[in-house]
Amino acid sequence: MEQDQSTTNSRFKRDLAPEEMLRVIFDYAAKIANERILDHVLMLMADMGREMIVSDRCTVWLLDTQNNELWSKVAHGLDEIRIPSTAGLVGYAVTNDQAVFIHDAYTNEEYKSYLQNGAIYTDQQTGYRTKALMVIPFRNSNGEIMGAYQAINKLTVSEQFSDKDMEYLTLASSYAGKSLESALLTMEIEETQKEIIFRMGEIGESRSKETGNHVKRVAEYSYLLALELGISQEEAELLKIASPMHDIGKVAIPDAILNKPGKLTEEEFKLMQNHTLIGYNLLRNSTRHILKTAAIVAYEHHEKWNGRGYPRGIQGTDIHIYGRITAIADVFDALGSDRVYKKAWELDRILQLFQEERGEHFDPDVIDAFFKQLPAILRVREQYSDTALANSIES
């Protein structure tokens, strides 16, 4: 009997001592202050709340007023979830601006209807068993409710949340509102930057009568190649965002050269080559990481592995990996597309050229990554084909 009791007690945890609580708060505050990606901030917030009050699960919900939904990109035990803004106990708390905690979701009568379409319904879908629940709304700097903390199942012997837990989670909620507001603002700024960069890339391409889908395809190809080469998800995303700017320097090249149907003269080709320098000079003085990356891409995507490219004639690994990746993405799309000076090549002809130019024009490792990712690359080409673009415009 004593052994059974010991086993039962061993699965429980204890509440944090004051000094442990401070350490958790300071540790997470430092991590959150240095994080700019919203998904990561939400997960850190959830982890902080769970540790502070020793709960099994914790979710940070955000209020989407435009769609009248509560959503969380990350939740312990679940993927992204969206529910009506009035659904469940979290919907009640947000709608009524009221913090709530209950001891057992299955026996509580006061919030029965909210629990049935919230926690109990979710349990039926997942097989989880919700007992104790606590929800606390949080606000932005204007005092408007922007979401709520939700904690599920206390892991101490009592298996019930206390008034002290409410105080601690209220503290976390106050911090969450300010931190998430900052992260959302950063995200909005970054999304605006991405949109501007993409539109600028389209402008550069449209000068030479190429479609906006060219920059979409180059961006997606670059992303796939970067991941295949072992580049981190974050850096691959960065390259994907920046690569549409590879030909931004074309804005300063005369139309007569950009849209000439025949072969360029030597003098015309020298003028065309200037688009790499022009693009680089437009972007290089920015302090923004995205634009600094775009400057590298604009400057080096016409360099060749064998040193016979332009504008500097650098070779091998002296060419930045961003330039080496975008070079293949750009050439693949250019050869496979109709241009004013040529018809689109057949796929087999392009692939044969790439094999021949492995170690000459192109980095051998990036060529190998290209062939490994070829099925995915071809799917992207189909998804963002110029025919698809034309059809979407007509419809």
Side-chain angles (χ1 to χ4, degrees), residues 197 200-201 204-205 208 214-215 217-219 221-232 235-253 257-258 263-335 350 353-373 377:
I197 287 167
M200 288 175 69
E205 298 303 334
S208 53
H214 168 67
V215 294
R217 292 189 296 262
V218 170
Y221 300 157
S222 299
Y223 175 73
L224 290 170
L225 292 174
L227 290 179
E228 180 62 38
L229 289 164
I231 290 173
S232 70
E235 193 173 0
E237 287 279 359
L238 178 66
L239 180 58
K240 177 181 174 179
I241 295 164
S243 62
M245 296 282 278
H246 63 278
D247 277 340
I248 188 61
K250 286 182 178 179
V251 297
I253 304 300
I257 294 175
L258 282 177
K263 185 177 180 180
L264 298 178
T265 66
E266 186 176 343
E267 185 62 31
E268 288 170 337
F269 186 58
K270 285 181 179 177
L271 286 172
M272 174 65 89
Q273 288 177 329
N274 283 338
H275 81 273
T276 57
L277 288 166
I278 293 165
Y280 176 66
N281 287 326
L282 280 171
L283 300 166
R284 67 189 179 94
N285 291 322
S286 174
T287 58
R288 297 289 181 184
H289 199 27
I290 294 171
L291 295 182
K292 291 173 82 70
T293 301
I296 294 168
V297 169
Y299 199 27
E300 300 190 8
H301 73 287
H302 281 295
E303 299 288 0
K304 295 184 178 181
W305 185 257
N306 61 14
R308 295 174 187 166
Y310 65 87
R312 290 183 291 162
I314 55 178
Q315 64 182 357
T317 55
D318 288 342
I319 307 166
H320 198 288
I321 188 60
Y322 298 159
R324 285 178 268 150
I325 289 172
T326 309
I328 288 179
D330 185 36
V331 171
F332 176 72
D333 197 70
L335 291 177
I350 299 172
L353 176 74
F354 274 26
Q355 292 283 20
E356 293 169 356
E357 292 296 327
R358 183 182 184 277
E360 292 296 327
H361 187 156
F362 304 120
D363 177 346
D365 289 341
V366 185
I367 283 290
D368 293 345
F370 170 85
F371 279 100
K372 287 179 181 177
Q373 284 293 320
I377 286 170

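These numbers were taken from a predicted model, which means no experiment stands behind them. We're numbering straight along the sequence, starting at 1.
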Asker: With rounding to the nearest 0.5 angstrom, report the CD1 to CD distance, Ile325 to Glu228.
Answerer: 11.0 Å

Asker: Show the nearest heavy-atom pair for residues Ile278 and Ala252, with the distance to one decimal.
Answerer: CD1-CB, 3.7 Å

Asker: Take Val297 and Leu239, measure what side chain to side chain contact (heavy atoms under 4.5 Å, CB included) needs, and give me the verdict at the end.
Answerer: CA-CA 9 Å; Val297 169; Leu239 180 58; 3.8 Å; yes

Asker: State, yes or no, whether a side-chain contact exists between Ile377 and Leu225 at a heavy-atom distance under 4.5 Å.
Answerer: yes

Asker: Any heavy-atom pair between the side chains of Leu264 and Leu271 that's under 4.5 Å?
Answerer: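 Answer no - side chains too far apart.
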
Asker: Could you go through residues 307-316 and list every donor-acceptor pair under 3.5 Å that involves a side-chain atom there, pairing it with any protein atom two or more places apart or in another chain?
Answerer:
from	atom 1	to	atom 2	distance (Å)
Arg312	NH2	Glu300	OE2	2.8

Asker: Nearest 0.5 Å, please: how far is CG in Leu353 from NE2 in His361?
Answerer: 9.0 Å

Asker: Nearest heavy-atom pair of Tyr280 and Ala298: which atoms, and what distance?
Answerer: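 Taking every non-hydrogen atom into account, N-CB, 4.1 Å.
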
Asker: Can you tell me how far the CG atom of Leu291 sits from the CE atom of Met245, to the nearest 0.5 Å?
Answerer: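 Here the rounded value is 6.0 Å.
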
Asker: Minimum heavy-atom separation for Ser243 and Lys240, please, with both atom names.
Answerer: OG-O, 3.4 Å

Asker: With a 4.5 Å cut-off on side-chain heavy atoms, are Val366 and Phe370 touching?
Answerer: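 No. Closest side-chain heavy atoms not under 4.5 Å.
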
Asker: For side-chain hydrogen bond (donor to acceptor under 3.5 Å, both in side chains), just list the numbers for Tyr322 and Glu235, CA-CA rounded to whole Å, side-chain angles, deciding distance to a tenth of an Å, and then say yes or no.
Answerer: CA-CA 10 Å; Tyr322 298 159; Glu235 193 173 0; 2.6 Å; yes

Asker: What distance separates Leu238 CG from Ile231 CD1, expressed to the nearest 0.5 Å?
Answerer: 10.0 Å

Asker: Would His301 and Asp247 satisfy side-chain hydrogen bond (donor to acceptor under 3.5 Å, both in side chains), going step by step from the backbone distance to the final call?
Answerer: CA-CA 9 Å; His301 73 287; Asp247 277 340; 3.0 Å; yes

Asker: Are the side chains of Met272 and Leu258 in touch, meaning some heavy atoms are under 4.5 Å apart?
Answerer: yes

Asker: Do the side chains of Arg324 and Phe362 get nearer than 4.5 Å, heavy atoms only?
Answerer: no

Asker: Would you please test Asp368 and Arg358 for side chain to side chain contact (heavy atoms under 4.5 Å, CB included) and show each step?
Answerer: CA-CA 9 Å; Asp368 293 345; Arg358 183 182 184 277; 3.0 Å; yes

Asker: Any chance you could measure Ile257, atom CD1, to Thr265, atom OG1, to the nearest 0.5 Å?
Answerer: 7.5 Å

Asker: Which pair of heavy atoms, one from Ala236 and one from Leu227, lies closest together, and at what distance?
Answerer: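 That closest heavy-atom pairing would be CB-CD2, 3.7 Å.
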
Asker: Do you know which two heavy atoms are closest between Pro244 and Val215, and how far apart they sit?
Answerer: O-CG1, 3.7 Å

Asker: Are Ile328 and Phe354 side-chain neighbours, meaning at least one heavy-atom pair lies under 4.5 Å?
Answerer: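 Yes. Closest side-chain heavy atoms under 4.5 Å.
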
Asker: Can you label the angle between the His275 ring and the His302 ring as parallel, tilted or perpendicular, going by 30° and 60°?
Answerer: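 His275 vs His302 ring planes: perpendicular.
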
Asker: Would you say Asp330's side chain and Thr326's backbone share a donor-acceptor pair under 3.5 angstrom?
Answerer: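 The answer is no, because no donor-acceptor pair under 3.5 Å joins these two groups.
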
Asker: With rounding to the nearest 0.5 Å, note down the distance linking CZ in Phe332 to CZ in Arg217.
Answerer: 9.5 Å

Asker: So His320 and Tyr299, do their side chains get closer than 4.5 Å, heavy atoms only?
Answerer: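 Contact flag for Tyr299/His320 side chains = no.
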
